[in-house]
Structure formats: C-alpha cells, structure tokens
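To start, the structure under review is shown below, and the notes come after it.
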Amino acid sequence: IVRQQEPLGLGHAVWCARHIVGDEPFAVLLPDELLWNPADPCLAQMVRARDEVGGTVIAVMEVPEEETKRYGIVDPGASNGALTEVKGFVEKPKPGTAPSRLAAVGRYLIEPEVMDILSEGKRGAGGEIQLTDALARMIGYKPFHAFTYAGRRFDCGDKAGHVTANIALALERPDIGPAVRQWLEANL
Ligand code: G1P
C-alpha cells in the first residue's frame with residue numbers, strides 16, 4: 001500500500017506508486033467510477049483489446065456535451081470496432097472546446113514510461129498534476145487507444161450516482177433485491 005500524502009492530483013497519486021510499478025505496464029482503477037459488467041469486466045475487455053494493439057488503452061464512454069468539462073476528453077482519430085486512436089487527450093476542457101464527447105471513465109492500462117513524465121511534476125487543469133496531461137505527452141511515441149467499454153457505469157463521485165449504484169446493484173442481489181424492489185414500488 002502507498003498513501004498519497006498531499007492531494008496534488010491523479011497524476012501525482014499514480015507517481016506515488018512508481019516503486020511498486022517498476023518497469024512494467026500497469027492498470028489504474030478509479031474507485032469512484034463503478035463499471036458494472038460481471039459477465040465480462042471492463043478491465044478484462046481492456047486487456048484483450050490491448051493484446052491487439054499494445055501501448056496505452058483507456059476506457060471511454062460518450063457523455064452529454066454539457067458534462068465534458070468534468071472529464072478527460074479524447075480527440076479521436078481512426079476507429080476500429082471498440083478501439084479508437086487517440087490523437088489528443090485534454091483534461092476537463094472548457095465548455096464548447098471539447099474535441100469530442102468521449103470521456104475517460106477511470107480505467108487505464110498504462111506504459112511505465114509515464115512515470116518519467118510525471119516526475120517533472122508539471123501542473124495542469126485545476127493546478128493539479130494530471131494523469132491526462134502525462135498520457136497526452138506520450139502520443140506519437142507509443143500506441144494510444146480509447147476503448148469504448150460495453151457495460152453499465154455509475155459515477156459514484158456524484159451523490160445521485162452513488163445512491164443509484166447502490167440501488168441498482170441491490171436490485172440484482174437475490175438476498176436483498178426483492179425487499180428493496182418492494183420498498184421502491186410502494187414508495188415511488
Ligand atoms: C479524473 C480524471 C479524469 C477522468 C475522471 C473519471 O477526474 O482526471 O480525466 O475523466 O477522473 O472519473 P476527477 O473525477 O478525479 O476529477
């Protein structure tokens with residue numbers, strides 16, 4: 001376990017784990033995003049995709065235009081099935097400036113070289129050291145693809161998203177699902 005001692009951004013948090021990561025590709029999972037597909041988990045889908053193209057692979061989903069300012073947004077190149085080439089990657093673009101509606105949803109397969117870039121400690125959006133910026137600097141050196149994940153997603157960093165995730169997953173459970181459903185139906 002490594003603890004980030006100061007809230008300096010996602011890029012900094014990842015950099016704090018550099019000694020554990022060493023010289024191998026690694027996965028980053030942001031736990032405030034719940035990607036729910038028990039039959040074929042998001043990371044498993046991504047690892048299969050990476051076996052085809054190599055390099056960096058990030059999970060993306062389309063978000064409404066007005067939400068692009070909350071995410072890392074991909075500037076897309078050519079697409080092949082669920083894989084889209086990443087030509088640019090911008091953290092929380094200002095409204096009206098987003099290059100697409102393809103948003104990073106908190107799952108990344110990353111090349112270890114990103115640690116060298118993060119070591120520079122450059123600040124980006126919000127004054128934080130952004131993983132998005134470090135990954136964007138690797139474009140052109142290593143393959144970089146966005147993978148459109150197939151499954152459900154809940155943004156638990158948002159209060160409504162967090163509650164919705166709990167309800168949705170509770171409904172799927174045989175032990176508590178029927179009671180939760182009954183309460184919902186009686187109270188809606
Ligand atoms: C982080 C990333 C952002 C990504 C998002 C997904 O932002 O910096 O690129 O799209 O997670 O949830 P945060 O939610 O920490 O502000």
Side-chain angles (χ1 to χ4, degrees), residues 2-18 21 26-37 41-43 45-46 49 55-77 82-111 114-115 117-139 142 144-166 168-169:
V2 174
R3 197 158 160 236
Q4 181 189 28
Q5 301 293 341
E6 282 177 282
L8 297 181
L10 175 59
H12 177 256
V14 168
W15 179 78
C16 289
R18 63 198 177 284
V21 165
F26 61 100
V28 171
L29 294 80
L30 306 187
D32 60 350
E33 295 271 1
L34 177 64
L35 302 184
W36 187 239
N37 183 343
C42 179
L43 213 54
Q45 295 180 29
M46 290 172 70
T56 302
V57 175
I58 61 169
V60 295
M61 286 183 108
E62 274 203 2
V63 298
E65 175 74 43
E66 62 274 17
E67 287 182 20
T68 51
K69 61 177 184 297
R70 293 174 43 196
Y71 298 99
I73 302 291
V74 164
D75 183 1
L83 283 166
T84 301
E85 221 180 293
V86 178
K87 291 195 316 190
F89 192 26
V90 38
E91 181 68 11
K92 305 197 171 92
K94 298 212 163 61
T97 68
S100 75
R101 294 195 290 119
L102 285 182
V105 291
R107 299 292 182 275
Y108 308 78
L109 296 176
I110 302 180
E111 297 290 301
V114 77
M115 295 299 186
I117 299 171
L118 290 170
S119 294
E120 295 173 18
K122 281 203 181 129
R123 309 281 178 130
E128 296 185 342
I129 299 166
Q130 297 291 354
L131 181 62
T132 298
D133 298 343
L135 293 176
R137 282 187 42 200
M138 292 170 73
I139 293 170
K142 290 261 178 173
F144 187 178
H145 291 86
F147 175 77
T148 302
Y149 153 76
R152 290 203 288 166
R153 164 182 177 247
F154 301 92
D155 183 355
C156 303
D158 172 81
K159 284 177 201 159
H162 182 257
V163 173
T164 314
N166 277 281
L169 267 66

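Start at 1 and go down the list; that is how both ligands and their atoms are numbered.
For the side-chain hydrogen bond (donor to acceptor under 3.5 Å, both in side chains) condition, the pairs that include at least one residue of residues 127-139, sequence neighbours left out, are Glu91-Thr132, Glu120-Arg137.
Listed by chain and residue number, Trp15 satisfy the side chain to side chain donor-acceptor pair (under 3.5 Å) test with Ser119 (two or more places apart in sequence, or in another chain). Scored by the side chain to side chain contact (heavy atoms under 4.5 Å, CB included) test, Glu67 finds Val63, Pro64, Arg70, Tyr71 as partners (sequence neighbours excluded).
A pairwise comparison of heavy atoms in Ala146 and Val86 identifies N-CG2, 3.4 Å as the closest pair.
Closer than 4.0 angstrom to ligand 1 by heavy atom are Leu10, Leu30, Glu33, Tyr71, Gly72, Glu91, Lys92, Ala104, Tyr108, Gln130, Thr132, sorted by chain and number.
A donor-acceptor distance shorter than 3.5 angstrom exists from the side chain of Arg107 to the backbone of Leu30, with no hydrogens or angles considered.
Side-chain contact between Cys42 and Asn37: absent, with no pair of heavy atoms (C-beta onward) separated by less than 4.5 Å.
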